[in-house]
There are 2 protein chains.
Amino acid sequence: MKHDPKKHDSDCMIAYGVDTFGDRWSLLVLRDMMLYGKRRYNEFLASNEQIATNVLATRLKHLECEGIISKERDPENRRSFVYSLTEKGVALAPVIIEIMRWSSSHMKVNARRRKLLDRIDNDREGILADIRAQTPIMPPPPPRAAL
Amino acid sequence: MKHDPKKHDSDCMIAYGVDTFGDRWSLLVLRDMMLYGKRRYNEFLASNEQIATNVLATRLKHLECEGIISKERDPENRRSFVYSLTEKGVALAPVIIEIMRWSSSHMKVNARRRKLLDRIDNDREGILADIRAQTPIMPPPPPRAAL
DNA sequence: ATTTATGCTTGCAAAAAGCAAGTGAAAACG
DNA sequence: CGTTTTCACTTGCTTTTTGCAAGCATAAAT
C-alpha cells in the first residue's frame, strides 16, 4: 500500500518536516525503530508512552505514505508484518540525534543515556551504521510500573 | 509571566522534545525567529502558514513556560512585546538545521535555500552566532498569493 | 475625541486523539 | 479437525486539541 504523499501547504523546509513527522507520535515511533530496533506493530504498542491502537495504525500508514518506512510481510510468520526504515527514514537520524543532544542538556542523564551520548560524540559513523542496519543502539527502558 | 514547566510523562529524551516543541506550530515559530529574525506577535501571525491568533498565543505561552523564549515589553512602543530566544531556545538551532538538511533532500531547493544550505556546510559557527544575535540568516519568503 | 495598531481572549465548530470493544486471518494447541 | 490464541488492525464513541470569526483592552496616532 502506497498512496501519494500529501501536498504540503507551505513551501518551507521546516514546514515539510512538521507535515511529515511533526505530530505527537511519529518521532516516538522513529525513536523505537532507531534506538531500540523495534520493527513490529505490537512492539510499538508496548512503548512506555501508551499509544492507542488506531493512532498507531494511522501514523504507520502516514509514515509509509511519506516514504519514511516500508512494510513487508514477515516471511517466517504470515500474520505478522515487519516495518523498516527507508533511506529517507534513515536520513532522519541526525534530527533524532540533535533532539537527544538538546534534551540531554535539560533533563537528568542516567547511565544508559550517558553512554549513548558519548557514543554520539565519539562514534557517530558507527551509530549511523547501526541505525541503517536496524541494530539497537541503546538498551530498552524498563517498562513503567502498572497502575 | 512564567509557569512551572509541565511534567513530561515519559522519561525519554525524544519524548521530552516532543512534549516541548513537537506540535504543529512551535517549530514554525522557532523557524521564524531563527531564520527570519522575527520577534513580534504580528510578525509570527504574518507567516505563510496562517496560524490562528489563539493558537499562536497558546504556543508562545507554552514556549515561554518551557524556557525556550522570553517576552519583554518593547521599550520603544509600550503596547508591543518582543520575544527572544533564551539559551535553551538558541540551543535548538542544530535541530532546526538538521530538519532543513533532511527536507532539502526531498524537496526542490531554490536559490535562497541553496545559499543557506551552503552556509550551513561552510560557516556553521557564523550561522549559530547570527541565530544567537537574532540576525536573520535567510531572506523572508514571498507572501503567498491571496485567494 | 476618534480612529488605528497591537496583542491578545472568547465562544463555537471541526478535526484529531484516546478508549474500549470487536473483527478476520494465520498459527498453535488439543 | 475444532477451538483457542496471536497479530494487526478497524469501528464507534468520547474527549481533547485545533481552527475560525469576532470581540476586547490598552497604547498610540490623527
Side-chain angles (χ1 to χ4, degrees), chain A residues 1-3 6-7 9-10 15 18-29 32-33 38-66 69-84 144 146-147, chain B residues 1-3 6-10 15 18-29 32-33 38-66 69-84 146-147:
Chain A
M1 191 222 282
K2 173 92 188 232
H3 308 289
K6 90 162 199 247
K7 263 143 232 135
D9 48 333
S10 173
V18 169
D19 288 347
T20 308
F21 56 79
D23 61 274
R24 270 211 267 282
W25 292 106
S26 294
L27 283 173
L28 296 174
V29 170
D32 283 349
M33 299 184 86
K38 293 186 182 180
R39 306 186 67 176
R40 279 158 217 279
Y41 186 86
N42 56 11
E43 291 181 298
F44 300 128
L45 269 189
S47 294
N48 278 346
E49 289 86 6
Q50 309 268 52
I51 188 172
T53 59
N54 55 344
V55 176
L56 177 57
T58 305
R59 286 301 109 198
L60 289 171
K61 256 175 221 152
H62 175 71
L63 289 171
E64 190 190 359
C65 207
E66 294 287 345
I69 62 177
S70 63
K71 179 183 185 178
E72 288 164 70
R73 269 193 185 283
D74 182 350
E76 320 231 313
N77 184 342
R78 302 258 320 139
R79 76 195 144 169
S80 191
F81 296 91
V82 177
Y83 293 91
S84 315
R144 76 155 83 193
L147 298 182
Chain B
M1 191 221 284
K2 173 94 187 227
H3 307 289
K6 90 160 198 250
K7 262 144 233 135
H8 303 282
D9 49 332
S10 172
V18 168
D19 288 347
T20 307
F21 56 78
D23 61 274
R24 270 209 265 286
W25 293 105
S26 294
L27 283 173
L28 297 174
V29 170
D32 283 348
M33 298 184 86
K38 293 186 183 181
R39 306 186 67 175
R40 280 158 216 281
Y41 186 86
N42 56 11
E43 291 180 299
F44 300 128
L45 270 189
S47 294
N48 278 346
E49 289 86 7
Q50 309 267 54
I51 188 172
T53 59
N54 57 342
V55 176
L56 177 58
T58 305
R59 286 301 109 201
L60 290 170
K61 257 175 220 151
H62 175 72
L63 289 171
E64 190 190 359
C65 206
E66 294 287 344
I69 63 177
S70 63
K71 179 183 185 177
E72 288 165 69
R73 269 194 186 283
D74 182 350
E76 321 230 313
N77 184 342
R78 302 257 320 138
R79 76 195 145 169
S80 191
F81 296 91
V82 177
Y83 292 92
S84 315
L147 299 181

Q. Reckon R59(A) touches a base, only the sugar-phosphate, or nothing at all at heavy-atom distances under 4.0 Å?
A. sugar-phosphate
Q) Within the structure shown, what part of the strands sits under 4.0 Å from N42(B) by heavy-atom distance: base, sugar-phosphate, or nothing? A) sugar-phosphate
Any donor-acceptor pair under 3.5 Å joining the side chain of [X] to the base of [N]?
X: N54(B); N: dC20(D); value: yes
X: R79(B); N: dA5(C); value: yes
X: T53(A); N: dT10(D); value: yes

(Q) The side chain of N77(B) is closest to which nucleotide in this list: dC20(D), dA28(C), dA28(D)? (A) dA28(D)
Q) Which of the following nucleotides, dT9(C), dG7(C), dT10(D), is nearest to the side chain of Y41(A)? A) dT10(D)
Q. With distance as the sole test, does R59(A) use its side chain to make a donor-acceptor pair with the main-chain N or O of S26(A) at under 3.5 Å?
A. no
Q. Is any side-chain heavy atom of R40(B) closer than 4.5 Å to a side-chain heavy atom of D74(B)?
A. yes
Distance below 4.0 Å between [X] side-chain N/O and [N] OP1 or OP2:
X: W25(A); N: dA16(C); result: no
X: Y83(B); N: dT6(C); result: no
X: K61(B); N: dG7(C); result: no
X: R24(B); N: dG19(D); result: yes
X: S80(A); N: dA8(D); result: yes

Q: Round to a whole Å and report the spacing from CG of D74(B) to P of dA5(C).
A: 17 Å
Q | Value in whole Å for how far the P atom of dA26(C) lies from CZ of R73(A) | A | 7 Å
(Q) Closest-nucleotide mapping onto DNA chain D: is A52(B) or V82(A) further toward the 5' terminus? I mean the 5' end. (A) V82(A)
Q.
Consider side chain to side chain contact (heavy atoms under 4.5 Å, CB included). Of T53(B), L60(B), N54(B), which one does L56(B) pass it with?
A. L60(B)
**Q.** Distance (rounded to the nearest 0.5 Å) between I51(A) CD1 and T58(A) OG1
**A.** 8.5 Å
